[in-house]
Amino acid sequence: MKKNIYALIDCDNFYVSCERIFRPDLKNKPVAVLSNNDGCIISRSNEVKALGIQMGTPYFKIPELIKEHNIQIFSSNYSLYADISNRINKILEQYTPNIEIYSIDEAFITLSIPKDKCTQYCKEIREKILQGIGVPVTIGIAYTKTLTKVASKIAKKQKGYKGVLSLLDTENNDKYLDIVEVEDIWGVGRQYSKWLHSMGIHTAKDLKYSDRNKIRSKMTVQGYRTVLELNNVECISLDQIPSIKKNICSSKAFGKRTKSLEEIKKSLAIDVARAAEKLRKQNCVTGIISVFLTTDPFKPNLYSKSVAIKLPFPVSDTATLTKFAIQVLKKIFIKSFEYKKTGVFLTDIRPIDNVQLDLINPYFIPHHEKTDKIMRAIDGINREWGRDTVRSASIGIDNELKMRQERKSPRYTTKWDELLVAKV
DNA sequence: TCTGGGGTCCTAGGACCC
DNA sequence: TCTGGGGTCCTAGGACCC
C-alpha cells in the first residue's frame with residue numbers, strides 16, 4: 001500500500017505576522033500581541049522570544065523590558081487574524097483539495113506527488129503565501145502528522161532549511177529526532193514529559209524506541225499512537241470535515257471587577273448571544289445550558305459557582321437561552337462579592353433534524369422551528385453589518401464591563417472605514 | 001448467603017491541543 | 001490597577017440491565 005505523505009503548513013508567530021502585514025516598518029523589530037483584556041502575551045516575534053519572554057507572560061509584569069527594548073504591543077484583533085487565515089487557506093486550496101484546517105494558524109494537507117518532489121513543491125507554496133499574503137510559514141513534510149510537527153519545529157529553529165523540511169528519507173530521521181526534546185512532541189504535555197524524563201526518555205528519538213506498552217499504560221492509547229507515528233506508522237489521518245462541536249463555551253473576564261447583577265447580566269447576555277450564534281452556525285440545538293460566575297481567581301476568598309439546567313425542550317434561539325441563563329445567574333449570584341468573570345456552556349448538542357418529535361401530540365411543533373427563521377435573519381444581518389447590529393434588549397447599549405483593548409490595530413481587511421490608506 | 005459473565009450509559013477527572 | 005478563551009479525547013468507576 002502506498003503511504004500517505006503529509007505536510008503541515010504552520011504560520012510563523014501568526015498574530016504578530018498579521019500585524020506586520022500592515023506595518024512593514026515593524027519587520028525585524030520586537031512585536032508582541034496580547035490576549036483578551038490585554039492580559040497576557042500570546043504571540044511573540046522572534047526578537048521577543050530571543051529576549052526570553054515566555055508565552056503567556058502577564059503584560060503588566062514586564063513594563064521595563066517593553067520600554068527598554070521598545071517592544072511594539074498590540075491588543076488581539078481576531079477579525080483581522082481570521083480573515084488572513086481564510087486567505088491563506090484559499091491559497092492552499094489551489095494546490096490540493098485535501099486540507100484539514102487544524103487551527104487559525106495551521107493546516108495539514110496530503111501530497112500526491114513523488115517524494116523527491118515534495119520539498120520543492122512546498123517551497124513554492126511557501127513562496128506563494130509569502131508573496132500573496134505576506135505571512136511567513138514553515139512547512140514540515142513526513143509520513144505522519146506527528147512527524148510533520150517535529151519537522152516544522154526544527155525548521156523554525158534552524159533558518160538553513162528556509163522554512164521547509166522533509167523527513168521522507170526515513171533512514172535519516174533519527175538524527176533529527178535526537179535534537180527534539182520530548183516535551184516538544186505533539187501530544188506530550190507538561191505532566192507526561194515529567195514522567196518520561198523520570199523514565200530516562202528525554203528526546204523524540206528516545207521515545208521512538210521506548211517500550212510501547214509501558215508508554216501505553218501511562219499515556220493511554222494516545223501516547224501509544226504517538227510512539228507509532230514517530231516510527232512512520234500513520235495512526236492519525238487527515239480530518240477534512242469539520243465536525244460539529246459537542247460543547248460550546250463563551251466567556252470573558254470583565255474589564256473591571258463588579259458587584260452589580262445588572263452589569264453581569266449584560267455581559268452574560270453577550271456570551272449567550274455568541275454561543276447561540278455558534279450553535280446555529282452548525283445547525284444544532286442544545287438541551288443543557290450551564291452558567292458560571294467567579295470572583296478574581298488571583299485574589300483571596302475565591303467564589304466560583306457553576307450550575308447547569310436541562311432545558312424543557314431543545315433550542316437554539318438567543319431569546320430563550322438568555323432567559324434561562326439569567327434565571328441560573330440569579331441563583332448563583334451572591335451579593336457582596338466582587339466578580340471578575342461569567343460565561344455560558346452549552347452541552348447536549350445535537351443536529352436540528354435529529355430532535356425527537358413529540359409522540360403524544362403529533363401536531364407539536366418543535367420550539368426551534370418557530371424561532372428558526374427569525375434567528376437566521378438576525379444572523380444574516382449581523383454577519384453583513386457587524387456583530388450585535390441586531391441584539392437582544394438585555395445586552396443593552398453600553399457594556400460597562402467590556403474588555404480592555406487599548407492597543408488594537410484597525411480591522412484593515414474587514415471594515416471599510418478602517419481600510420489601510422495607501423497614500424494621502 | 002454466595003455466586004457469574006456480559007453489556008450499556010453516564011459522569012468526573014485528567015491529560016492534551018491551539 | 002493589570003494574570004486568555006475555547007476545545008478534544010480517554011479512562012475509571014458506578015448504576016443499571018439481563
Side-chain angles (χ1 to χ4, degrees), chain A residues 8-11 13-15 32-43 53-63 66 73-78 81-82 85 100-108 145-146 149 152-153 182-196 215-226 235-236 239 242-258 267 270-271 274-275 277-279 282 287-288 290 292 294-299 302 306 308 310 338 340-349 403-407:
Chain A
L8 169 68
I9 293 87
D10 191 346
C11 299
N13 316 329
F14 183 57
Y15 298 169
V33 176
L34 304 175
S35 64
N36 282 339
N37 270 316
D38 293 348
C40 301
I41 289 176
I42 52 168
S43 181
I53 297 172
Q54 296 301 309
M55 174 81 171
T57 305
Y59 172 46
F60 75 91
K61 280 192 175 170
I62 51 163
I66 289 169
I73 301 285
F74 291 88
S75 300
S76 44
N77 186 345
Y78 288 104
Y81 310 150
S85 176
E100 172 187 347
I101 297 162
Y102 181 66
S103 73
I104 195 163
D105 64 343
E106 284 171 65
F108 290 103
K145 282 184 173 179
T146 303
K149 284 268 193 180
S152 90
K153 189 126 255 165
V182 83
E183 53 267 39
D184 288 337
I185 300 169
W186 195 37
V188 179
R190 272 227 310 282
Q191 303 302 319
Y192 288 154
S193 64
K194 219 193 292 173
W195 177 77
L196 287 166
I215 299 298
R216 182 173 188 154
S217 68
K218 176 77 176 179
M219 296 171 59
T220 80
V221 297
Q222 301 188 97
Y224 184 77
R225 285 187 196 127
T226 299
C235 301
I236 308 166
D239 185 9
S243 49
I244 62 165
K245 306 225 178 309
K246 296 164 188 159
N247 306 300
I248 290 173
C249 178
S250 177
S251 77
K252 250 172 258 78
F254 308 142
K256 60 172 175 101
R257 288 192 288 273
T258 182
S267 179
I270 292 170
D271 282 322
R274 297 269 179 282
E277 230 174 83
K278 292 187 209 171
L279 186 65
Q282 57 176 33
I288 295 175
S290 57
F292 62 87
T294 68
T295 57
D296 191 333
F298 294 93
K299 296 278 181 295
L302 177 69
S306 155
K310 194 166 163 41
E338 270 200 323
K340 182 63 186 174
K341 187 173 176 181
T342 189
V344 65
F345 197 68
L346 308 179
T347 51
D348 189 21
I349 289 172
M403 58 172 167
R404 265 191 316 276
Q405 281 197 318
E406 287 165 1
R407 299 166 163 276

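All values below come from the heavy atoms of this structure, side chains included, with hydrogens, waters and symmetry mates left out. In the text below, chain A, chain B and the rest are named by the order of the sequence lines, each starting its count at 1.
- At least one side-chain heavy atom of I62(A) sits under 4.5 Å from a side-chain heavy atom of I41(A).
- Taking K252(A) as the reference, D271(A) meet the salt bridge (Lys or Arg N to Asp or Glu O under 4.0 Å) condition, with sequence neighbours excluded.
- Applying the salt bridge (Lys or Arg N to Asp or Glu O under 4.0 Å) test to R407(A) and every residue at least two apart in sequence or in another chain returns nothing.
- Under the side chain to side chain contact (heavy atoms under 4.5 Å, CB included) criterion, T258(A) pairs with F254(A), S260(A), E263(A), I264(A), L401(A), not counting sequence neighbours.
- Counting any heavy atom pair closer than 4.0 Å across all strands shown, K194(A) reaches no nucleic acid atom.
- For Y192(A), there are no ring-ring contact (aromatic ring centres under 6.0 Å, His included) partners at least two apart in sequence or on another chain.
- Evaluation of the ring-ring contact (aromatic ring centres under 6.0 Å, His included) rule for Y59(A) yields no partner, not counting sequence neighbours.
- Contacts of D239(A) classified as salt bridge (Lys or Arg N to Asp or Glu O under 4.0 Å), with partners at least two apart in sequence or in another chain: none.
- When heavy atoms are screened at a 4.0 angstrom cut-off, K149(A) is found touching the sugar-phosphate backbone but no base atom.
- The salt bridge (Lys or Arg N to Asp or Glu O under 4.0 Å) check on K145(A) picks up E100(A), with sequence neighbours excluded.
- Every stem involving DNA chain C, taken as at least 3 paired positions in a row under the Watson-Crick or G-U wobble test at 3.5 Å, is listed here: B:5-18 with C:5-18.
- Within the 4.0 angstrom heavy-atom criterion, only backbone atoms of the sugar-phosphate kind lie near R257(A); the bases stay farther away.
- dC18(C) and dT3(B) are spaced 23 Å apart, taking the P atom of each and rounding to whole Å.
- Here chain A contacts DNA chain B (any atom closer than 4.0 Å to a heavy atom, that is under 4.0 Å), and the contacts span dA15(B) to dC18(B) from 5' to 3'.
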